[in-house]
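Protein chains get the first letters and strands the later ones, always in sequence-line order, with residue 1 at the start of each.
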Protein chains: 2
Amino acid sequence: MSPQPNERPGRTIRSVQIAFNIVDLLQEEAGIGVTRIADELGHSKSTVHSHLRTLEERRIIVREGDGYRLGLCFLDVASHVRDQIGNFDIVQKEVDSLAEETGEIVQFGVEEYGKVSYLHKTQGENAVETLSRVGTQQPMYSTSLGKTILAYLPPERIEEIAAAMEYEPKTENTITGPEELFEELETIREQGYGIDDEENINGLRCVSAPVKNDETVLGAISITGPSSRFTKDRLHGELADRVQSAANVIELNTKFS
Amino acid sequence: MSPQPNERPGRTIRSVQIAFNIVDLLQEEAGIGVTRIADELGHSKSTVHSHLRTLEERRIIVREGDGYRLGLCFLDVASHVRDQIGNFDIVQKEVDSLAEETGEIVQFGVEEYGKVSYLHKTQGENAVETLSRVGTQQPMYSTSLGKTILAYLPPERIEEIAAAMEYEPKTENTITGPEELFEELETIREQGYGIDDEENINGLRCVSAPVKNDETVLGAISITGPSSRFTKDRLHGELADRVQSAANVIELNTKFS
DNA sequence: ATAGTTGTTCCCTCCTGGGGAACGTTTCTG
DNA sequence: CAGAAACGTTCCCCAGGAGGGAACAACTAT
């Protein structure tokens, strides 16, 4: 828990914190029971017990064997969340078809709390395996998705996010400071797409295009692949075109919803 | 809130309940604020306020415009949940390929709290549109997925679920009572697959096959389509074969995990 | 300008939720 | 097989935390 600068004070409710600590714990490690949870969180067994009862009654968790796991209701919540962001069906369709056409990894991401979250991901036929998966968060400065979204956010929001940013060099190409970042954002705005030249993971390059609704960015769509197949020419040419037109299709379809 | 017979007493924590009521509400209707939530749940604004603070600090909800929506962390939770159930990648791959082969709707479901929850769904090329979506719950007696899973659960669990069942006729073919249900389960066990002959939705038929791990059912996979294309012959022949072999593939791949 | 709306903050009070310990039950283990 | 260890469950107590009311501040709209 690093001290977040952007957290407002105000009162916070302890039992709710505990409840979500339990959920978090069960997310990481399913099948554990009262004692284990109590130890892990530093609470008494009785406390944990009544929390588990509450969560179980709500069907947020499920007893399985001896231990608990998170309930399937989260799948439902997740699909609602996706729909709240935008028209997820369209996004999914477009991402899938771009993945099929190109055979590579195609992702759609949005900004939240100064990070990029992947809403959808599809691995094409020849796609390299990567660890990122739906729901994961990545920094904005080291990914093409992140930089591209950032480039089109309102200036004050860019400032806000940039101010809270901690630059951690992931590779030797990673952007390491604000000046470099702002320059990059300018470039992205000029060319209409962003690239990641092995800035997040060695050997991988990406191109992304923003998906806007009127003047606000909803998110961005990207193609990722190995540098061997993703030459700079191809990145800036064919591939940039493809993500941009995919982004366009999504934009057109979300306009009327 | 109908009185659930299977809920054990034990102490339950009020503030946690409230917190999840808020989450539920935001799931149904995003973008509402303090006052609205307070009205809806019958709490004071100050109470709701501190809850929102807590949830926001945890990044479970996000302020957007004036109002809140659920955070993207739920996507992450959902993907963890899916992985906890079984090897989701395999399931997804198999469902997708079966959907592509047949062009119809293919789904994978598991049992939880006496209902079927859909873990994954893919619409093939010619698939009819249905409303069911991932995370949704359906009764077990009126769906082929439900009946098939039920058939292979341990006898005591079958009893338990059957005892709590309330038969609501969805169409004129819906199973309406335990005798009929148990007969059907026996048939399913004999033939190794289950069908739904317009029992849940008029005009739709399904076939499902169980996915087992040793002797325990993990879930079931099903194909759904319009009765016009899904003749009884095809259901019991070609289509039954296809779901069964898909189920087999999943079984073989999950054996070693 | 003003009335109505929203979100926020302050307090007070009661009751709720957390902790300790004791109790049943199951699982090791020697 | 008996004793011990570990687990989940229950009971009770009491402090402090959570919910509510009301006042305040910031907007919006008329």
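Comparing D66(A) and S15(A) by the nucleotide of DNA chain C that holds the closest heavy atom to each, the one mapping nearer the 5' end is S15(A). Between D39(A) and G42(B), it is D39(A) whose nearest contact on DNA chain D lies nearer the 5' terminus. Of the two residues near DNA chain D, K45(A) and H43(B), the one whose nearest nucleotide lies more 5' is K45(A).
If you measure from atom CZ of R14(B) to atom C1' of dG20(D), you get 10 Å, rounded to the nearest angstrom. Note: CG (L41(A)) to C1' (dG17(C)) measures 16 Å, nearest angstrom. The separation between L52(A) atom CG and dT9(D) atom P is 9 Å, rounded to whole Å. The interatomic distance linking H51(A) (NE2) with dG17(D) (C1') rounds to 12 Å, in whole Å. The CZ atom of R53(A) sits 15 Å away from the P atom of dG18(C) (whole-angstrom rounding). Atom pair I37(B):CD1 and dT6(C):P shows a separation of 12 Å (rounding to whole Å applied). Going from atom CD of Q17(A) over to atom C1' of dG17(C) covers 15 Å, rounded to whole Å.
For R11(A), the listed nucleotide lying nearest its side chain is dA18(D); candidates were dG20(C), dT9(D), dA18(D). Counting only heavy atoms from C-beta on, I13(A) has its side chain closest to dA18(D) among dG17(C), dG8(D), dA18(D). Listed candidates were dG20(D), dT9(D), dG17(D). Nearest to the side chain of R63(A) is dT9(D).
Applying the 6.0 Å contact sphere to NZ of K170(B) captures more than 12 heavy atoms from other residues, nucleotides or ligands. Shown here is Q191(A), whose CD atom has more than 12 heavy atoms of other residues, nucleotides or ligands within 6.0 Å.
Below 30°, between 30° and 60°, or above 60°: for H120(B) and F88(B) the angle between ring planes is above 60°, a perpendicular geometry.
With axes fitted over five pairs at each extremity, the angle between the ends of the helix from dA1(C)-dT30(D) to dG30(C)-dC1(D) is 40° (10° resolution).
For the residue pair Q137(B)/E112(B), the side-chain donor-acceptor check at 3.5 Å is not satisfied.
Phosphate contact (OP1/OP2 of dG19(C), side-chain N/O of S44(A), threshold under 4.0 Å): present. Proximity of R36(A) to the phosphate of dC7(D): no side-chain N or O atom is located under 4.0 Å from OP1 or OP2. Residue H49(B) places none of its side-chain N or O atoms closer than 4.0 Å to OP1 or OP2 of dG19(D). Contact between the side-chain N/O atoms of S46(B) and the OP1/OP2 oxygens of dG20(D) is not found at any separation under 4.0 Å.
With sequence neighbours left out, the side-chain hydrogen bond (donor to acceptor under 3.5 Å, both in side chains) criterion links T136(A) to no other residue.
On a pure distance criterion of 3.5 Å, no polar donor-acceptor pair joins the side chain of T35(A) and the base of dG8(D).
Because its NZ or CZ atom is not both nearer than 6.0 Å to the ring centre of F20(A) and within 45° of the ring axis, R58(B) does not count as a cation-pi partner of that residue.
Atom CD1 of I161(A) is separated from atom CG of L153(A) by 5.0 Å, given to the nearest 0.5 angstrom.
Salt bridge R133(A)/D83(B): present, at least one basic N to carboxylate O contact under 4.0 Å.
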